[in-house]
Amino acid sequence: MQIEKFLILVLLMFSKTIGQNTATYAQDKSIMFSNRYILNFDAMTFEHIYMTDDGQIWMGKGTYIIKSNMIILKFENPSLQTSALDLKYLNDKSIDTNIFCLRNLSIQRKGYLQSFVKTKLNGIITTPDSEGNIYIDATKNSDAKIEFLLEDKIVFSLFIEDLKKFNLLEIDGFSFEKPIHYESNFIRVLKFKGDYLISKDYYNTSKKKKVRFSKI
C-alpha cells in the first residue's frame, strides 16, 4: 500500500519543539514508504519515524552528539501516546493583510491513517471551508485563543498574538490504527553531512547496503 508523504516539523507524541531549530531528513527514493529523522539542533534531540508499505510503524526518540562527520543517535524510551499533531508556521503573500489562516490538511488527507483535527476558536468549534481553511481577522480577534483537539482532547493551544511573524498555520493530525513498534535503548551511528545523512539500510528498503536521507 502506498503511503502519503507528510512533513513532520512538530510531533507532539514525543516532544514540544515548536519554534525551535529543527530539520527533517527524509530517505531518498521512498515512494512506497516514509522514513524520516527529525533533529532538534537546540536541544540536541531527535525523533525517528518509519512507516512501511504494509502498514507497520516504527518510532523512536532520544539524544544525539556529532563527532566529526558522524552523528551518534541514542534511542531512549518513547512516549506511549498514539496520536500526533503536526504544525507548520508559514508566511503566504496571497493572504490579505491582517488575516490569519488556519489550514487543516487532515481534511484532504487519505490513506490507512485516520487523520483528523478539530479547531476551537475562543472555545467554539470552528468548521473549515471545503479546502480546510479557517480565516481569522487579526484586527478583530487580536486576543483570540486557538485550541487543537485530537480524539476530542485538547492537545495544543496558542493565541493569535503569539503568531505575529506568521499568517498561515498548517495543521495535520494522525491517529494510528495499526500497532506501533517503539525503538528504544540502543545506539545508531550515521554519517552526517549537513544537508544529508548516510545510513545503513536497517529496514531493507533497497538493494543497497546504505541509504541517503536528504534535508527537506
Side-chain angles (χ1 to χ4, degrees), residues 4-26 34 36-49 59 61-63 78-109 113-176 215-216:
E4 284 187 52
K5 292 185 177 181
F6 60 92
L7 297 178
I8 304 176
L9 298 180
V10 181
L11 188 56
L12 294 185
M13 70 171 62
F14 286 154
S15 60
K16 297 180 180 179
T17 58
I18 294 175
Q20 298 186 7
N21 187 14
T22 61
T24 299
Y25 294 81
S34 177
R36 301 190 177 201
Y37 289 93
I38 302 97
L39 304 182
N40 184 317
F41 297 118
D42 293 332
M44 297 295 285
T45 58
F46 74 91
E47 294 154 1
H48 175 242
I49 304 170
M59 292 187 173
K61 72 165 189 175
T63 59
S79 166
L80 297 179
Q81 291 182 326
T82 57
S83 61
L85 179 66
D86 303 337
L87 304 177
K88 184 177 181 181
Y89 296 84
L90 300 167
N91 278 306
D92 188 336
K93 294 181 180 179
S94 67
I95 298 176
D96 293 341
T97 304
N98 296 324
I99 297 297
F100 185 79
C101 178
L102 303 175
R103 182 165 296 156
N104 191 336
L105 300 181
S106 72
I107 299 258
Q108 306 169 15
R109 184 176 172 80
L113 290 177
Q114 287 187 350
S115 304
F116 55 95
V117 181
K118 291 181 180 179
T119 303
K120 277 187 176 181
L121 181 61
N122 287 332
I124 301 173
I125 294 290
T126 305
T127 303
D129 62 21
S130 59
E131 296 181 352
N133 296 321
I134 297 173
Y135 294 99
I136 302 171
D137 187 337
T139 60
K140 298 179 180 178
N141 297 276
S142 59
D143 59 347
K145 183 178 182 180
I146 304 169
E147 297 171 307
F148 301 113
L149 295 82
L150 288 171
E151 299 175 343
D152 292 322
K153 297 179 181 178
I154 296 174
V155 294
F156 186 70
S157 62
L158 51 82
F159 291 89
I160 288 289
E161 62 183 13
D162 297 329
L163 302 169
K164 294 178 180 178
K165 296 181 180 180
F166 309 95
N167 66 358
L168 171 63
L169 178 58
E170 289 186 343
I171 314 122
D172 209 346
F174 311 92
S175 180
F176 299 99
K215 188 176 180 180
I216 59 175

(Q) Minimum heavy-atom separation for His48 and Arg36, please, with both atom names. (A) CD2-O, 3.2 Å
Q | NZ-CG distance between Lys215 and Leu39, expressed to the nearest 0.5 angstrom | A | 9.0 Å
Q.
List the residues meeting ring pair (Phe, Tyr, Trp, His ring centres under 6.0 Å) with Phe159, not counting sequence neighbours, and say none if there are none.
A. none
Q | Asp92 side chain vs Asn167 backbone, donor-acceptor pair below 3.5 Å | A | no
(Q) Measuring only between side-chain heavy atoms, which start at C-beta, is Arg103 closer than 4.5 Å to Leu90? (A) no
(Q) Taking side chain to side chain donor-acceptor pair (under 3.5 Å) as the definition, give me every residue that meets it alongside Thr127, ordered by chain and number, with sequence neighbours left out. (A) none
Q. Between CD of Glu47 and OG1 of Thr24, what distance do you get to the nearest 0.5 Å?
A. 9.0 Å
Q: For the residue pair Phe148 and Thr119, establish whether any side-chain heavy-atom pair is separated by less than 4.5 Å.
A: yes
Q | Residue pair Tyr89 / Leu158: nearest heavy atoms and the distance that separates them | A | OH-CD2, 3.8 Å
Q: Under the side chain to side chain donor-acceptor pair (under 3.5 Å) rule, collect the residues that match up with Tyr37, sequence neighbours excluded.
A: Arg188
Q.
Taking side chain to side chain donor-acceptor pair (under 3.5 Å) as the cut-off, I'd like each qualifying pair that reaches into residues 138-148, sequence neighbours left out, listed once.
A. Asp137-Thr139
Q: Report the residue from Leu121, Ile146, Leu168 that forms a side chain to side chain contact (heavy atoms under 4.5 Å, CB included) with Leu102.
A: Ile146
Q) Looking at CD1 of Ile216 and OH of Tyr25, how far apart are the two atoms once the value is rounded to the nearest 0.5 Å? A) 10.5 Å
Q: Can you see which heavy atom on Ile160 is nearest to which on Phe100, and at what distance?
A: CD1-CD2, 3.8 Å
Q: Indicate the atoms forming the closest heavy-atom contact of Ile134 with Pro128, along with that distance.
A: CG1-CA, 3.7 Å
Q | Non-neighbouring partners of Tyr135 that pass side-chain contact (heavy atoms from CB on, under 4.5 Å), sequence neighbours left out | A | Ile99, Cys101, Asp129, Asn133
**Q.** Atom of Ile171, atom of Leu169 and distance for their closest heavy-atom approach
**A.** CD1-O, 3.6 Å
